[in-house]
Asks: 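Here it is, the structure in full.
The structure displayed is predicted, hence computed values, not measured ones. Ligands are counted one by one from 1 in listed order, and the atoms in each one are counted from 1 as well.
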Amino acid sequence: MEIVVKGGALLSEPSDLAVLACLEDTPLPAELAGLIESADFAGKARQQRLLYPRAPEGPKRVLLLGLGKAEKLSADGLRQAAATATRQAQELQVARLSFGLNGELALDPLRIGQALAEGFALGAYRFQRYRTDLSEEQKFTIEGATIVATADVEALQAGAATGQVIARGVAYARDLVNTPPNDLPPAALGEAAIALGQRLGLSVTVLDKPQLIAGGFGGVLAVGQGSANEPRFIVMEYGTAREGTPTICLVGKGLTFDSGGLSIKPADAMTTMKADMSGAAAVFGALQVVAELKLPLHVVGIVPAAENMPSSTAFRPDDVITTLSGKTVEVLNTDAEGRIVLADGLHYAQQYKPDAIIELSTLTGAIVIALGAHAIGMMATNQELADRVSRAGEASGERVWQLPLWDEYREMLKSEIADMKNIGGRPAGSITAAAFLANFVGDYPFVHLDIAGTAFAEKPTKPYDAPGATGVGVRLLSELLRGYAT
Ligand code: BES
Ligand code: ZN
Ligand code: ZN
């Protein structure tokens, strides 16, 4: 989708669909005076009215969108308005829309441009690769959006350019997650990493099973040993370690399918488990953004990838695994597999002496119970880093909510026969999972993001989300990394 910014007045330009996003209680432009009863549209958040001006010049259709009150309007409100605009354009089969704002927004024009571009592009996202039954109408895709503004054109343009890059990163992550697990086993995820590296000039290493055995990746191997689709360990490096350039490690859980293994999931809990590589997808998407924006950083993406299956070769409850770190884990439940592959991924990250390790995983059902779909669960070993991630969450609209990671939670993982157990019981299930991970990061500042509740939405509540993968994490990581780059 092509997004451009143009100086001018929205209602004087010809357009098949002009969308005017209006702050509450702001008078409408004079051109619309005879077209609507003022009582019918006050600009309340999410309010919509479609008008047909029937004038020889100017737009054929005008869609009024309410933004609510200026003081309550966030960048996410704009992102949602822009997504609603593209959804309406798709419905009306309009190839290009124009978009303008009515009222004085208390937001930085760079942020406005970025949020609008993200909203336009993400609102148009659909995953149709496996549909052979679509009508022409269903296949119709909007081609572009033009933001028409009387001021700040350059800043809007610069923001929109960034927003488009980020939206493409999100769409890429969504595509990876939405791809069914029969078409995206660990080897295919490895190939995707190589393709990404070639496209963007990243150095990519994909370790296969013999290399994992030689290297002692006991966690990834154990989780993957029950599947005919062998595990992989993926490393993608952008930039190089240099004085004065921060090194950030991004670690993503890459379970291309999680059946639970021998501790098998009930049927209803097993569907959507193709999304158990959403952490990995966020890392892929963020690396694409970082490379396209050419941020002056050293970013290493690390993805342990495996398929968790029950079979006669599967790892068992009661097994003791020696992870890459040398630390041993008593397996009590093979469905708590994410933390086991991540143990290897996090330990591997330490060799880069990172300024921060940010790890994303669809780790626990417990975080779905705690926070639902409206926040990422965050646990951290370093409060400065946690605060940084929180701020990036607010700014990107991918909010995080922190839970404690006190020593008492680590006690809950004590094992008689190994260094630790892989589960701590039902209480504080998300925190004990994080406490497990914290054993593998050394003293490096570490943030764990549990995206189990936010990665996949069968019935999304935001207009910029489509049924299926949300691509969560890409916007948050992009914001965080851009913060390190300035
Ligand atoms: N992949 C799941 C977590 C999950 C649940 C993701 C729901 C998305 C939606 C994870 O591997 C898992 O099964 N965790 C178990 C841990 C338990 C056995 C301690 C869980 O949360 O039930
Ligand atoms: Zn599991
Ligand atoms: Zn899992």
Side-chain angles (χ1 to χ4, degrees), residues 177-178 181 184 186 189 219-220 222-227 231 251-282 303-310 314-319 321 329-345 359-377 379 403 409 412-413 415 420-437 448-459 468-473:
V177 175
N178 284 328
L184 198 76
L189 201 57
V220 189
V223 171
Q225 76 188 39
S227 174
V251 182
K253 174 177 174 181
L255 263 289
T256 60
F257 186 70
D258 179 14
S259 70
L262 289 173
S263 311
I264 196 163
K265 289 181 183 292
D268 286 346
M270 208 186 289
T271 50
T272 74
M273 279 303 139
K274 67 173 181 182
D276 214 17
M277 36 61 72
S278 296
V303 171
E307 184 176 55
N308 188 20
M309 296 293 257
F315 78 136
R316 292 157 283 256
D318 280 357
D319 279 358
I321 298 164
V329 176
E330 179 188 9
V331 178
L332 292 178
N333 188 316
T334 63
D335 197 13
E337 84 300 334
R339 59 198 78 181
I340 298 176
V341 301
L342 288 167
D344 287 357
E359 170 271 324
L360 304 93
S361 49
T362 44
L363 201 63
T364 66
I367 207 68
V368 188
I369 303 303
L371 300 174
H374 301 301
I376 296 167
M379 284 131 273
L403 297 171
Y409 294 108
M412 294 166 75
L413 294 167
S415 160
M420 69 198 88
K421 306 187 285 194
N422 82 323
I423 56 170
R426 274 169 63 81
S430 300
I431 304 179
T432 53
F436 179 96
L437 299 176
H448 158 62
L449 298 171
D450 193 335
I451 56 171
T454 45
F456 201 85
E458 280 163 292
K459 289 204 172 67
T470 60
V472 73

Asks: Looking at D276, which atoms of ligand 1 are within less than 4.0 Å of one of its heavy atoms?
Replies: 1 (N)
Asks: Can you tell me which N/O/S atom of D258 has the shortest distance to the Zn ion (ligand 2)?
Replies: OD2
Asks: Which ligand 1 atoms, with their elements, are less than 4.0 angstrom from a heavy-atom of N333?
Replies: 18 (C)
Asks: Does D335 put an N, O or S atom under 2.8 Å from the Zn ion (ligand 2)?
Replies: yes
Asks: Go through ligand 1 atom by atom and flag the ones less than 4.0 Å from a non-hydrogen atom of K253.
Replies: 1 (N), 10 (C), 11 (O)
Asks: Just need the protein heavy atom nearest to atom 17 (C) of ligand 1, so name the residue and atom and give the distance.
Replies: A336 CB, 4.4 Å
Asks: Tell me whether T470 contacts the main-chain N or O of A455 through its side chain, where contact means a donor paired with an acceptor under 3.5 Å.
Replies: yes
Asks: Decide side-chain contact (heavy atoms from CB on, under 4.5 Å) for M277 and L184; before the verdict, give the C-alpha distance in whole Å, the side-chain angles of both, and the deciding distance to 0.1 Å.
Replies: CA-CA 10 Å; M277 36 61 72; L184 198 76; 3.8 Å; yes
Asks: Would you check the N or O atoms of E337, main chain and side chain alike, for any that come under 3.5 Å of an N or O of ligand 1?
Replies: yes
Asks: Looking only at protein heavy atoms, which one is nearest to atom 20 (C) of ligand 1, and how far off is it?
Replies: G365 N, 3.8 Å
Asks: Given the Zn ion (ligand 3) as the apex, I'd like the angle to OD2 of D276 and NZ of K253, rounded to 10 degrees.
Replies: 100°
Asks: Numbering the atoms of ligand 1 from 1, which are under 4.0 Å from a heavy atom of K265?
Replies: 2 (C), 12 (C), 13 (O)
Asks: Is it the case that the side chain of D276 and the backbone of D258 share a donor-acceptor pair, with hydrogens and angles ignored and the cut-off at 3.5 Å?
Replies: no
Asks: Does the N or O separation between T364 and ligand 1 drop below 3.5 Å for any pair?
Replies: no
Asks: Side chains of L262 and P317: closer than 4.5 Å at any heavy-atom pair?
Replies: yes
Asks: Quick one: nearest non-hydrogen protein atom to atom 16 (C) of ligand 1, plus distance?
Replies: R339 NH2, 3.9 Å
Asks: What's the separation between atom NZ in K421 and atom CG in L413, rounded to the nearest 0.5 Å?
Replies: 7.0 Å
Asks: So which heavy atom in the protein is nearest atom 15 (C) of ligand 1, and how far is it from that ligand atom?
Replies: D335 O, 4.0 Å
Asks: Quick one: does any side-chain atom of D450 pair with a main-chain N or O of G377 as donor and acceptor, under 3.5 Å?
Replies: no
Asks: Please report which non-hydrogen protein atom sits nearest to atom 10 (C) of ligand 1, along with the residue it belongs to and the distance in Å to one decimal place.
Replies: L363 O, 3.3 Å
Asks: Keeping the roles fixed (side chain from S430, backbone from I367), state whether a donor-acceptor pair exists under 3.5 Å.
Replies: yes
Asks: Are any side-chain N or O atoms of N422 and backbone N or O atoms of T334, one a donor and one an acceptor, separated by less than 3.5 Å?
Replies: no
Asks: Check each atom of ligand 1 against the heavy atoms of I423 and keep those under 4.0 Å away; list them by number with element.
Replies: 19 (C)
Asks: Between S259 and N308 (side chain of the first, backbone of the second, donor and acceptor by atom type, cut-off under 3.5 Å), is there such a pair?
Replies: yes
Asks: Report the nearest protein non-hydrogen atom to atom 4 (C) of ligand 1: residue, atom name, distance rounded to 0.1 Å.
Replies: M273 CE, 3.8 Å
Asks: I'd like to check whether D258 has a polar contact with ligand 1, where a contact means an N/O of the residue lying under 3.5 Å from an N/O of the ligand.
Replies: yes
Asks: One thing to verify: whether E359 and R339 come together as a salt bridge, which I'm taking to mean a side-chain N less than 4.0 angstrom from a carboxylate O.
Replies: no
Asks: I'd like the atom name of the N/O/S atom in E337 lying closest to the Zn ion (ligand 2).
Replies: OE1
Asks: Can you find a pair of side-chain heavy atoms, one from L363 and one from H448, that are under 4.5 Å apart?
Replies: yes
